[in-house]
Amino acid sequence: MNTLDVLAVGRLVKEDGIILEAHSTSTLIRSGNVNIVVDTSSTEMLPAIKTSFRQVGVLPKDVSIVVLTHTHHDHCGNNDLFKKAKFYVHTEECPEGRNYVPVSEDVEIAPGVRLVYTPGHTEGSMSVFVDSERNYAITGDAIPLEDNYRRGVPPGINYDPGLAMKSIKYITEYADVMIPGHGFPFMGDKRR
Ligand SMILES: [Zn+2]
């Protein structure tokens with residue numbers, strides 16, 4: 001059974017619709033012996049992330065895979081914490097470097113843990129679908145806030161709003177629970 005722990009709950013601080021601060025959610029997936037982190041958040045969240053690792057009894061050095069849902073700085077600020085990890089990033093925005101694994105198509109990286117292409121916020125945005133006692137989707141900024149899901153509106157920052165809405169729909173068809181790029185996890189309205 002795959003387990004998920006939110007290491008840090010991301011937030012967006014806005015004033016008059018302008019983003020003043022952005023810190024992404026960071027999530028740990030444990031799949032058998034494989035520890036996977038999705039997004040590393042911003043440097044301000046490092047103390048919270050370290051505390052969470054201690055609480056769940058996992059060391060950052062035991063994380064072998066980091067998935068970056070996309071490469072905005074508020075999702076990759078603590079990459080240095082994961083010295084032994086391979087970084088999975090979509091080919092549209094994958095940096096050069098031997099630690100990076102470009103992802104060109106949807107792929108299962110551990111049993112029941114899939115990287116799924118969900119573009120719209122950026123050209124290379126991915127989500128992570130995790131089969132567990134429920135279906136979890138770690139969405140990055142494909143769904144930055146629960147509000148985007150509830151109101152059915154694309155991320156405020158996007159390169160293609162139509163594609164972004166398609167991605168939201170695709171995610172909600174799979175997921176019972178969504179872990180958004182910023183904010184607390186929430187249940188979707190899907191009936192099974
Ligand atoms: Zn972003």
Side-chain angles (χ1 to χ4, degrees), residues 4 6-29 36-46 48-49 65-82 85 87-97 100-104 106 114-130 136-172 174-175 177-186:
L4 295 95
V6 175
L7 299 170
V9 177
R11 56 197 159 87
L12 281 179
V13 181
K14 285 191 196 180
E15 204 174 275
D16 301 328
I18 294 164
I19 297 172
L20 301 179
E21 274 184 55
H23 312 283
S24 88
T25 295
S26 179
T27 307
L28 173 69
I29 305 164
I36 301 162
V37 164
V38 182
D39 288 340
T40 68
S41 193
S42 56
T43 50
E44 289 88 339
M45 301 294 255
L46 183 59
I49 290 172
I65 296 175
V66 173
V67 179
L68 300 176
T69 58
H70 63 300
T71 52
H72 284 164
H73 69 276
D74 57 317
H75 293 253
C76 349
N78 298 303
N79 289 359
D80 288 351
L81 190 59
F82 305 103
F87 287 73
Y88 286 64
V89 187
H90 194 273
T91 42
E92 290 288 351
E93 45 194 272
C94 192
E96 297 280 324
Y100 285 98
V101 179
V103 178
S104 57
D106 294 2
R114 279 180 292 145
L115 307 187
V116 177
Y117 186 42
T118 52
H121 172 65
T122 63
E123 286 183 75
S125 285
M126 297 192 295
S127 296
V128 184
F129 286 5
V130 183
Y136 289 85
I138 304 166
T139 68
D141 287 345
I143 303 180
L145 296 165
E146 181 175 354
D147 186 57
N148 295 92
Y149 171 77
R150 297 289 165 210
R151 293 197 295 133
V153 295
I157 296 166
N158 62 65
Y159 96 97
D160 185 330
L163 214 49
M165 287 311 300
K166 263 191 204 165
S167 292
I168 291 176
K169 184 164 183 289
Y170 189 71
I171 291 165
T172 56
Y174 164 79
V177 180
M178 281 154 271
I179 300 175
H182 304 266
F184 287 94
F186 59 92

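As the structure is a prediction and not an experimental result, all values here were calculated from the model. Numbering of ligands and ligand atoms starts at 1, following listing order.
Here the side chains of Val37 and Ile65 are not in contact, with every heavy-atom distance at 4.5 Å or above. Residues Asp74 and His23 are not in side-chain contact: their nearest non-hydrogen atoms beyond the backbone lie 4.5 Å or more apart.
Under the 30°/60° scheme for interplanar angles, the aromatic rings of Tyr174 and Phe129 are found to lie parallel.
Counting backbone and side-chain atoms alike, Asp141 contributes an N/O/S atom closer than 2.8 Å to the Zn ion (ligand 1).
For His70 atom NE2 and His121 atom NE2, the angle they make at the Zn ion (ligand 1) is roughly 100°, to 10 degrees.
Atom ND1 is the N/O/S atom of His72 found closest to the Zn ion (ligand 1).
The OG1 atom of Thr27 sits 7.0 Å away from the CG atom of Leu4 when rounded to the nearest 0.5 Å.
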